[in-house]
Amino acid sequence: MSDERIGVRKTYKLAVGGQFLRSESGRTYVVPDSSGGFLANAALASRKDVRDAVVAARTAYRGWAGTTAYNRGQVLYRVAEMLEDRYLQFGEAVSAGEGSNEVKSRANVTMAIDRLVWYAGWADKMAQVAGSANPVASPYFNFSIPQPVGVVGVVAPQRSSLLGLISVLAPVIVTGNTAVVLASEERPLAAITLAEVLATSDLPAGVVNMLTGRITEVVPVLAAHRDVDALDLCGVPADLAAGIEETAAGSVKRVLRSRGAEPDWSEPPTPRRMLSFVEIKTVWHPIGV
Amino acid sequence: MHWEYAPAPQAQDIVELRPSYGLFIDGEFSDPDDGTSLETVNPATEQVLARVAAAGPRDVDRAVTAARRAYQQTWGPMPGRERAKYLFRIARLVQERARELAVLETLDNGKPIRESRDMDVPLVAAHFFYYAGWADKLDYAGFGPSPRPLGVAGQIIPWNFPLLMAAWKLAPALAAGNTCVLKPAETTPLTALLLAEIIQQADVPPGVVNIVTGDGLTGEELVLHSGVDKIAFTGSTEVGKRIQRAVAGTSKHLTLELGGKGANIVFEDAPIDQAIEGIVNGIYFNQGHVCCAGSRLIVQESIADAVIERLKRRLQTLRLGDPLDKNTDIGAINSPGQLDKITELTASGESEGAERWSSPCALPDRGYWFPPTILTRVSQSHRVAREEIFGPVLSVLTFRTTQEAVSKANNTPYGLSAGVWTEKGSRILWMADQLRAGVVWGNTYNRFDPSSPFGGIRESGFGREGGRHGLEAYLDVR
């Protein structure tokens, strides 16, 4: 009899509205490890799961957008703290999915944590950097401020399962939006583990809803959904982008296009991704005695 | 005692109309290669003003090619401080020829001369002045160091503010270093062509601004042309969606300024005289041909009857008629097509149960006219509460609590504008935060300024025009 302990495997579920659920369709798909072997079964999200996720994101939106910018920054920073605590675990998750060695994976995780800290700090600066007081030629105090666009569908990068994911997710939520994320199709496990961290952080339920499944099945539903205000098509392959953008035009969604090849996520970020998911509101306030 | 107004016509002879106009391509006017022509009509008299070219595919191609050449050879390499001086020149020339532009705008569009003279044209000059100053300061606009222009911008504008929309499109694009192909609306091409003359007088290098008149087909050619880097469109949400579909999968940049169903919310503590004027200005200004019009009056129940009564009294004093008369408040509807749409939607309001009241003013025998109209007993589900009428028709809804006002105002797929009337400053700001709209006016409505960003959210479009933010639409910042 061997002394070797048999590991307890984790069931990977969808994260919707703060709950971890199997797909309502009961389907799963095989997630391979980097050499093509069996790693796990992930839930295969259905159209109904997408719609439920949008409802959860919309429900969470009012509260999250109404949170003070200071508080949103605190919440995101708290997530970074929790990731730091578990960086070995995430290093393993990245290695398993991406096939990178331990050193590289850990560097990848610390970079993801630092990215989150960078974005957390933006929460209470965005309005100052992106807003303005406008010198109108009439007796009004006229100001413009960035406001979240609402519910954002995020198609996570396909290759970088954690750093890439955080690089696209953080700018969406730090600005007050809520998100329905489709994790990397082949490498979804780090995303689900991240969702487990988010669930025990101070992030309100429904702000980030994490789906696993097929781009071809999930993204057209997101693009056609009238309660989705914007899309980040980062992880969408170039040949699918046109069709999805066409669908998104049905409700005049803001679309951050896929640029074909995945960006180099180790490059320092800029405020651009955040600016893609805010819209400027201008207020004319009367001045007088 | 009842005083009659004597006629106070603005002289027309300041405008020299040509019988026909060509396309403005590469610095000169030319006849279309493969285009046709169309007539532009004075909507107040139904008289044909001129024949105007309708550019075909080859004409659009010529214009885009000229714009590309100018982008590469003159305008692109030119230092910002030199570009600025051309824009300042345009602003000055607009001021010098202000009355001529105003009269021509009124002839072609049907809007009262008081509005074209006191609002449209001054704002056009102000807009060029504002953006002229940006041309050599782009490094400080907040889009990173040395932001690059996009290239050739295809710009499609509507008929409600023909010249002002041309300025809103051209000024920021040119300041940022782009070259332009502008497509004016089918029914109102004349002031853009006069602006082309101004651009000639300013000695702007050939090809920097090209103006291709025509109908929707010309616009479509422009949107689909592979040499265009950016499309900026102002018009209906329906066409906006078509354009967004057309650029899907391309690398073309896009900004859209689309329709709206603006809520004008009046609280019981509002300064009532001011609010009445604001409601009138919100929906009857420019015959209601305003994308951000306050077409839904959402008034607190306790004062609703009083507000409606006063509004009716006020509307009876508005003077509808000859747009060139300096005392005219309400001009002509821009086209028979638009008049049909307004008539049909208003009738649908009545058949769905709303109560219609129209000002008993006499309508001229010729031309296209619609009296200022109020629809009461409107419910949220009525078409007149949901669809953009784009005419002088106000739909009235009431509310009891502030939260109800917010929900009713936000109950629309649009999100362009809203007005809030109250004596409480804190309430204006709270409402401004709650309202899903790109622009919120406190105790005012339909106010514009070149330094103030304007644009919508949701199905009212994306991107901003005006202010520092307006530059972003023409810079490669993503």
Side-chain angles (χ1 to χ4, degrees), chain A residues 62 65-66 129-150 223 226-227 229-230 238-260 270-273 275-276 278-288, chain B residues 126 142-144 237 240-251 254 256 258 271 274 413 415 417 419-420 425 428-429 431-445 447-464 466-469 472 477-478:
Chain A
R62 182 187 286 256
V129 171
S132 59
N134 312 309
V136 294
S138 48
Y140 292 88
F141 172 50
N142 186 282
F143 62 95
S144 297
I145 43 166
Q147 298 243 309
V149 296
R226 293 182 75 88
D227 217 13
D229 299 288
D239 59 324
L240 296 179
I244 290 165
E245 284 179 36
E246 267 178 48
T247 309
S251 58
V252 198
K253 288 182 178 47
R254 285 129 185 83
V255 175
L256 185 59
R257 285 177 172 148
S258 156
R259 293 211 153 172
T270 72
R272 296 316 312 172
R273 296 196 88 86
L275 292 171
S276 301
V278 296
E279 198 56 273
I280 297 300
K281 178 182 272 183
T282 297
V283 179
W284 296 68
H285 192 284
I287 297 173
Chain B
F143 304 111
T237 292
K241 288 178 180 178
R242 283 220 303 272
I243 291 175
Q244 194 179 356
R245 275 187 206 109
V247 304
T250 70
S251 58
L254 178 66
L256 297 172
L258 308 177
Q274 233 184 307
S417 58
V420 179
I428 291 177
L429 294 177
M431 289 293 288
D433 181 60
Q434 297 288 310
L435 290 166
R436 291 198 300 207
V439 181
V440 179
W441 284 291
N443 290 359
T444 184
Y445 208 95
R447 206 171 267 281
F448 308 97
D449 192 285
S451 72
S452 179
F454 179 91
I457 60 171
R458 311 184 76 220
E459 294 199 14
S460 291
F462 43 76
R464 290 293 174 267
R468 175 178 78 76
H469 298 86
E472 186 179 348
V477 291
R478 298 213 170 186

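So that the names make sense, note that chain A is the first sequence line, chain B the second, and so on, each numbered from 1.
- Taking chain B as the reference chain and counting heavy-atom pairs below 4.5 Å, the highest number among Ala248(A), Ser138(A), Gly131(A) is found for Gly131(A).
- For the set Gly142(B), Gly467(B), Ala437(B), Gly419(B), the entry with the most heavy-atom pairs within less than 4.5 Å of chain A is Ala437(B).
- By number of non-hydrogen pairs under 4.5 angstrom with chain B, the leading residue of Pro271(A), Ala137(A), Ala241(A), Ala230(A) is Ala137(A).
- Interface remark: Leu258(B) contributes side-chain atoms only to the contact with chain A (heavy atom separation under 4.5 Å).
- For the residue pair Pro286(A) and Gly442(B), the shortest heavy atom distance occurs at CD-O, 3.4 Å.
- Taking the six-membered ring where the residue is Trp, Trp441(B) and Phe454(B) present tilted rings, their angle falling between 30° and 60°.
- Considering Val439(B), Ile428(B), Val440(B) in turn, Val439(B) is the only one that fulfils the side chain to side chain contact (heavy atoms under 4.5 Å, CB included) rule with Trp284(A).
- Counting heavy-atom pairs under 4.5 Å between each of Gly250(A), Ala249(A), Ala242(A) and chain B puts Ala249(A) at the top.
- Note on Gly150(A), Ala65(A), Ala130(A): by heavy-atom pairs under 4.5 Å with chain B, the leading option is Ala130(A).
- In this structure, no portion of Leu254(B) lies under 4.5 Å from any heavy atom of chain A.
- For the pair Arg464(B) and Gly456(B), the tightest heavy-atom approach, listed with the atom from each and the gap, is NH1-O, 3.0 Å.
- Looking only at heavy-atom pairs under 4.5 Å with chain B, the residue among Val255(A), Val252(A), Val149(A), Asp239(A) that has the most is Val252(A).
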Given the rule in the salt bridge (charged side-chain N to carboxylate O under 4.0 Å, His left out) test, do Arg272(A) and Glu472(B) qualify, once you have shown the distances and angles that lead to the verdict? CA-CA 11 Å; Arg272(A) 296 316 312 172; Glu472(B) 186 179 348; 2.8 Å; yes
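- Residue Val420(B) does not touch chain A at all, counting heavy-atom pairs closer than 4.5 Å.
- Heavy-atom distances place the side chain of Arg62(A), and not its backbone, under 4.5 Å from chain B.
- Residues Tyr140(A) and Ser452(B) bring no donor and acceptor atom of their side chains to less than 3.5 Å of each other.
- The choice from Arg458(B), Arg447(B), Arg468(B) that makes the most heavy-atom pairs within less than 4.5 Å of chain A is Arg447(B).
- The most heavy-atom pairs under 4.5 Å with chain A, out of Gly463(B), Ala432(B), Pro453(B), come from Pro453(B).
- Among Arg257(A), Arg273(A), Glu246(A), the residue with the largest count of heavy-atom pairs under 4.5 Å with chain B is Arg257(A).
- With hydrogens and angles left out, the side-chain atoms of Asn134(A) and Ser144(A) include a donor and acceptor closer than 3.5 Å.
- Remark: Glu459(B) engages Arg226(A) in a salt bridge, criterion side-chain N to carboxylate O under 4.0 Å.
- For chain A, the nearby parts of Thr250(B) are the backbone and the side chain; heavy atoms of each come within less than 4.5 Å.
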I would like to know whether Arg245(B) and Glu245(A) meet salt bridge (charged side-chain N to carboxylate O under 4.0 Å, His left out); could you show each step before the answer? CA-CA 7 Å; Arg245(B) 275 187 206 109; Glu245(A) 284 179 36; over 6 Å; no
